[in-house]
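All remarks here apply to the structure that follows.
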Number of protein chains: 4
Amino acid sequence: MGNSFGKLFKITTFGESHGPALGVILEGCPAGLSIDESFIQSEMQRRKPGQSKITTQRKEEDEIEILSGVFEGKSTGTPIGIVIRNADQKSKDYSHIADKFRPSHADFTYFEKYGIRDYRGGGRSSARETAARVAAGAIAKLLLQEKGISVQAFVSQVGSLKLEKAYQELDLNKTEDNIVRCPDPETAERMIELIDSVRKDRDTIGGVITCVIKNTPPGLGEPVFDRLHAELGKAMLSINAVKGFEYGSGFDGVSMRGSQHNDAFVKEGDQIRTTSNHSGGIQGGISNGEDIYFRVAFKPVATIMQDQDSVNEAGEAVTVSGKGRHDPCVVPRAVPIVEAMAALVIADYLLLSKSNKLAEI
Amino acid sequence: MGNSFGKLFKITTFGESHGPALGVILEGCPAGLSIDESFIQSEMQRRKPGQSKITTQRKEEDEIEILSGVFEGKSTGTPIGIVIRNADQKSKDYSHIADKFRPSHADFTYFEKYGIRDYRGGGRSSARETAARVAAGAIAKLLLQEKGISVQAFVSQVGSLKLEKAYQELDLNKTEDNIVRCPDPETAERMIELIDSVRKDRDTIGGVITCVIKNTPPGLGEPVFDRLHAELGKAMLSINAVKGFEYGSGFDGVSMRGSQHNDAFVKEGDQIRTTSNHSGGIQGGISNGEDIYFRVAFKPVATIMQDQDSVNEAGEAVTVSGKGRHDPCVVPRAVPIVEAMAALVIADYLLLSKSNKLAEI
Amino acid sequence: MGNSFGKLFKITTFGESHGPALGVILEGCPAGLSIDESFIQSEMQRRKPGQSKITTQRKEEDEIEILSGVFEGKSTGTPIGIVIRNADQKSKDYSHIADKFRPSHADFTYFEKYGIRDYRGGGRSSARETAARVAAGAIAKLLLQEKGISVQAFVSQVGSLKLEKAYQELDLNKTEDNIVRCPDPETAERMIELIDSVRKDRDTIGGVITCVIKNTPPGLGEPVFDRLHAELGKAMLSINAVKGFEYGSGFDGVSMRGSQHNDAFVKEGDQIRTTSNHSGGIQGGISNGEDIYFRVAFKPVATIMQDQDSVNEAGEAVTVSGKGRHDPCVVPRAVPIVEAMAALVIADYLLLSKSNKLAEI
Amino acid sequence: MGNSFGKLFKITTFGESHGPALGVILEGCPAGLSIDESFIQSEMQRRKPGQSKITTQRKEEDEIEILSGVFEGKSTGTPIGIVIRNADQKSKDYSHIADKFRPSHADFTYFEKYGIRDYRGGGRSSARETAARVAAGAIAKLLLQEKGISVQAFVSQVGSLKLEKAYQELDLNKTEDNIVRCPDPETAERMIELIDSVRKDRDTIGGVITCVIKNTPPGLGEPVFDRLHAELGKAMLSINAVKGFEYGSGFDGVSMRGSQHNDAFVKEGDQIRTTSNHSGGIQGGISNGEDIYFRVAFKPVATIMQDQDSVNEAGEAVTVSGKGRHDPCVVPRAVPIVEAMAALVIADYLLLSKSNKLAEI
């Protein structure tokens, strides 16, 4: 249980941080989609470790191998199996913590749940698992591109350093221009400095990613439990280190009055639009055609290069020393993960919407 | 799609605001649980309309009728069907908005999705649907009580008026002592005044509910996509008017350093505990035995007693006038809904945990 | 687990033989379908007890009440909740077997599974549960009618008395002309006599139902596990008293050679057809546009009007006496149940087929 | 949709006959199970092609590679990813049928469903996909062994040549002693001769496999739709070439009277047993502790070494010539597939049974 996501456009992942490989099965991809492997691989590069001075130095090329579901460059409708080999596993790195519970990691909870754990690099609980999501998410993006839908995320906060501009004021195509993935060059510079100084302190820090989805057709969403934003929220909360999710006006909307918060409808050409968008493009759990936008909070990475007090499996007090290769801040590499999960949700709900009306059956 | 929640302990709901009835089927309730109908009914009273001056004046007794799954006072393991009749439907109230799209309601999006809609009181999109959840959630609570697990929610913010105490400083048993459901009497008083003044302005306002779950055993959670907090997040985001969810340190955790945020493990008697709880009782998506706590943001109710600009189905500009009976602030009545959804998640994950270890099969 | 069937067009049922009511939630019915209540009720009449001398004499009108999902005569896309009240419950009939395990009933197995059971009329294990399926299946039929698809079942065997004609030689519109539901009047007469003589012996007997589905478009089916015939098979095997399922050539096909069994393709007008149909309209788990046909075996009803040896919950030897009101042969009333389940499968797979091709998204 | 099977103990497969690899993700395997790779590989050998003169001569070693979920020889509770590389793909073999629809294959239906198809060896519709099932099924068998449950299948009919003994009269440990996998040596000899003569005729023939499951605890099954036999039936019907399924008395039970068919309960030592077993070990969809047994009908393989009339994608009349390497009769190699699917069902239902009773939560 828990390794699948989606209903019609659905992924199932496997793999541990230091096992032979990670992988994903993507089911439900409509037949006839051009599967551009170089695009998938380029998405993998955005997530891969060792890409800059502010990310972990683990070396992984994260090359994907497509094992099924694609014939002569097109999806066939059958499940697409993808494998990503682990190269730089260095399992010996982890012998020193084999029986210790690292603070704020999943060591203790996996041990409680299963009575056994693969301690190498956190095993299944490692964020390395998200590589498989990015591969599948890239295919979701290819599908959405065919429908004119874009999914763009960027770093909007590192620690308490916030990007003080709304997404509409930014050129989201500039996100990849810097290593922290913030589309505002000046703020990006300061974020990089902050992360680098935290790294030098042998510490870590949190951040926020904002995601914007444009050109979603109205009518996507599955009330009542599978509201579009509920599924997006779950998708985001399923990413390692995520502590919060808000869409549209979010937590700030709490302080508003209904008369301020309501988005008035107007006719614009052929379309019904709203004059404001506190709803974040979703009303009653269903897209209304406006931009969908949301924010995702990431905690500071739990692995720090410092000694910490903890206990081992026997319950004895021990010291956990900071070793290994880890990110001082997770958000730069998490941008493509957020996009991947968002694209998977939208693709899935797009397919689900195909059977809503009798007239379209 | 979208009307079910849960995997083993699973609900499916039906019903519209102004149809004959609402209802729920609860599957997977273990056999042998004493089903205390008066407790279920008391939970319904906490959510029902017309309970105080700061809630809608719609009159509904919300009496439940159990149609199956219970024999001689005990659950039998078969699905528990429950029906709640709508009494005070007053469908004529809604004729004036039959073809109009109310701002920030689901009128437009349902119409786009289905090409048809039950315009009476929002139909399925009405928060009235949550009555069915509270009935099923009450049974989840009965199950959790058997295991010593408690689920307690309370109002921690109305508009920008925040309860400035941590939940540990509060006596959560006082939550029901006032009509706004804030366990701090003084803050409660001010919240009630604020809501009442907003009501007199013919306007609405948002709020925040905090929820605390105690005595969850360690080991509950289903990584990677069905992390315990991801499912809690989805559960909350599926409630009407919710715009955000955060657990543990949440959005504030972003600004912390790893060295501050990490929760150190210690042995306390027989148990492994943590000295702080920024993790919010969940690590790697699995409970660690500490208190689980989270916050849920609710926007201001969309129905206001004022004239608003909008369009109708034909795309013509119209005025939507504020009529009907609605809550000036949704959080007082949402407290039992938050508890119900949280209880459903924990009950479900408790059952799921029964097949994790070979030794327990 | 186990009370839902279907993926997009999906039912969840509840209810016991002698509880207050049975019911069903139907999700995923496309919006805009005319819901003809009198048609649904007429399907209920075909299944209801007491309809002839060869069925149980229990008196139930089986009136449906639609509680949601229909507005102004049309489906709205939201879940359709239906309740059927039990009228003639006569619970006292069952006190004599409260702690006894009736042979070849589910008394023992429910007790083993749940440790508790509703002994009144078999509780949830009673075929009375299928009333809820027929109600939902009637809506599936209405949907299929819109697409020109028909689902027709009939009794093709009672005991060892077989209808020795292929379905193509029969006028399936004559099925309802007699109380045993066999479209061949002469055979029907003999079947009725056989059942009546068995009834007079205070015994019961089995039978076979054949079902034919016409005008299914090619392309329905979800390989590999959810092959169309696998889902039809499961649907049939989920009906009380069913012991076997075969489609197309079935068990007889075993003895054939490939050169005989293969169905040759030919062009017929605009369509690709097959010259024979041993495939039963399904190849590789996907419909090919030819008639889908299958056979379903029903065992003799377990309740007989004779004394039988058994044990009680304490393991003591007891005599189970034949009381109550039961069918001497289940197949006449099972015809609409087979049709209902088949219609549900086809409707579901029709919706699933809407997202197979990129060109149609 | 359609590539997953199971609820808690759940598999998802991918792969085509002539793509790079096949594979499976097994979720929900309880942690702590010893994963004997040599046993899994030995099950693969039983299914692999080229094993005898009466099977296809395609050469595949079907070596499994476990990519995740196993650490130091034990399952960890995380998904077990397994890949099986295709070695002897010979795609050029299939160029002659690239646009032709082979009779009674899935070529036409896949093309109708997806508008595109991988024509090499049937692509996803090839029985080669079942290799992935056997790998996962072997792990299910390892789990069942821990609980003392055995799953044994054997060939009980080839063409019209039937093994005229009940399974109780046979030594099922002799099944592997001959290449046709019939535990009766004399009948086996005749079956082999029959298959070989059919092969020499360049034709194919069908068969029946019987499967017996012993020592299942009472109480497994999920009424009403997921009855144990309904899930077994679906599992079997999802195997390539299967046309029918019956359990217990099956189609023969139709002709019996209730007074003959009913299985009387008796106390035997500590256990409640039945004196006969027409129920096939399942009553009301739940196991009763007696042997579960069922029969599965396989049609003759569609590929024959003869010229056949058909049409191509353009609808033109063409001749399909028999080439390639195929089985003259599928049942000898299908024995481990039937066992694998049965083991997967029982393992899944075993896990599902862990949350039935409050006393065991």
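Proteins come first, then strands; the chains are lettered A, B, ... in the order of their sequence lines, and each starts at number 1.
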For [X], which atoms come within 4.5 Å of any heavy atom of chain D: side chain, backbone, both, or neither?
X: T13(A); answer: backbone
X: I80(A); answer: neither
X: K7(A); answer: backbone

Chain A heavy atoms under 4.5 Å from [X]: which part of the residue, side chain, backbone, both or neither?
X: S4(D); value: both
X: I66(D); value: backbone
X: F9(D); value: neither

**Separation of I346(A) CD1 from S353(A) OG (nearest 0.5 Å)** = 10.5 Å
**Request:** Give the minimum heavy-atom separation between Q41(A) and I64(A), together with the two atoms involved.
**Result:** OE1-N, 3.1 Å
**Asked** Does E360(A) pair with K354(A) as a salt bridge, N-O distance under 4.0 Å?
**Response** no
Looking at [options], which one has more heavy-atom pairs under 4.5 Å with chain D than the rest?
options: S75(A), S68(A), G115(A), G23(A); result: S68(A)
options: R124(A), K113(A), K74(A); result: R124(A)
options: P79(A), A31(A), G2(A); result: P79(A)
options: E65(A), R117(A), E16(A); result: E16(A)

**Request:** Verify salt bridge (charged side-chain N to carboxylate O under 4.0 Å, His left out) between E60(A) and R333(A), making sure each step is shown before the conclusion.
**Result:** CA-CA 14 Å; E60(A) 292 287 352; R333(A) 288 177 57 209; over 6 Å; no
**Request:** Assign the ring pair F111(D) / F101(D) to parallel, tilted or perpendicular, where the plane angle (0 to 90°) is split at 30° and 60°.
**Result:** tilted
**Prompt:** Is a side-chain N or O of R120(A) found less than 3.5 angstrom from the main chain of H18(A), in a donor-acceptor match?
**Reply:** yes
**Request:** Check each of M44(A), R85(A), E43(A) against D62(A) using the side chain to side chain contact (heavy atoms under 4.5 Å, CB included) test, and report the only one that passes.
**Result:** M44(A)
